[in-house]
Amino acid sequence: MNYWLMKSEPSTFGIADLAAMPGQSEHWDGIRNYQARNFMRDGMRLGDLAFFYHSNCPMPGIVGIVAIVREAYSDFTALDPESHYYDPKCTSDNNRWCMVDVKLQQIFSRTISLTELKPQDALADMLTLRKGNRLSITPVSPTEWAHILTMHR
DNA sequence: GCCAACGTTGGC
DNA sequence: GCCAACGTTGGC
């Protein structure tokens, strides 16, 4: 069982949007970074849990938890010329991008903000908190996961 | 809106 | 294989 952190811009797709989906489940499309893709494709397994992180917004931070309910498969938005995530180098036979399906588990009663996360000694090694890190999917250690869970109560 | 940090592209 | 130019991310 692995833990992750997945970023999304609430103006594009926030946790409230996920809550509004049928079954509170949706595919996580648009990953166009190889490192993030590799984490998703090679690391994410059914039943893994991930923090839902709101980025590029007034209060960036962790807003809830999702579960991985389908492992990596072809990200069809890469093949759709109408899509914002269209990648002309991809074909249905050779699509380098993939996505997973996530399902909402919990919405926190408040945002655990980035400013709150940063000074935590227990999170000093957390990938997302490193300066300049822009990866939209990163692993979270069990220790970090447990520590963050204590923070929202 | 600014800009630092980083990834990708493409000429050579 | 190098690296300059460019594009994107995301905090502030």
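Lettering of chains follows the sequences in order, A, B, ..., and the numbering in each one begins at 1. Below, all heavy atoms of this structure are taken into account, side chains as well, without hydrogens, waters or symmetry copies. Treat the numbers as computed from the prediction; the structure is a model and nothing was measured.
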Any donor-acceptor pair under 3.5 Å from A:Asp75 side chain to A:Gly30 backbone
yes
Under 3.5 Å, is there a donor-acceptor pair between the side chain of A:Asn94 and the main chain of A:Thr91?
no
In whole angstroms, the gap separating P of C:dT9 from CD1 of A:Ile137 amounts to 13 Å
May I have the distance from A:Phe13 (atom CZ) to C:dT9 (atom C1'), rounded to whole angstrom?
20 Å
Sorted by number, the residues of residues 109-122 of chain A with heavy-atom contact under 4.0 Å to DNA chain C
A:Leu114, A:Lys118
If we check side chain to side chain contact (heavy atoms under 4.5 Å, CB included) with A:Ile62, which of these qualifies: A:Val140, A:Leu5, A:Ile15, A:Thr128?
A:Leu5
Non-hydrogen side-chain atoms of A:Leu129 and A:Leu114 separated by less than 4.5 Å
yes
Below 3.5 Å is the cut-off: list the nitrogen or oxygen pairs between protein and nucleotides 4-8 of chain B, distance only.
unit_1, atom_1, unit_2, atom_2, d
B:dA5, OP1, A:Lys131, NZ, 2.8
B:dC6, O2, A:Arg134, NH1, 2.9
B:dC6, O2, A:Arg134, NH2, 2.6
B:dG7, O4', A:Arg134, NH2, 3.2

Full working for side chain to side chain contact (heavy atoms under 4.5 Å, CB included) between A:Val63 and A:Phe108
CA-CA 6 Å; A:Val63 292; A:Phe108 292 160; 5.8 Å; no
By nearest-nucleotide position on DNA chain B, the 5'-leaning member of A:Arg96 and A:Asn56 is A:Asn56
Side chain to side chain donor-acceptor pair (under 3.5 Å) pairs touching residues 44-65 of chain A, sequence neighbours excluded, are A:Asn2-A:Asp48, A:Trp4-A:Asp48, A:Glu9-A:Asn56
Counting the benzene-type ring for Trp, do A:Tyr34 and A:Trp97 have ring centres under 6.0 Å apart?
yes
Less than 3.5 Å apart, any donor N or O on the side chain of A:Asn95 or A:Ser74 sitting next to an acceptor on the other?
yes
Please tell me if A:Tyr53 has a side-chain N or O lying less than 4.0 Å from either OP1 or OP2 of C:dT9.
no
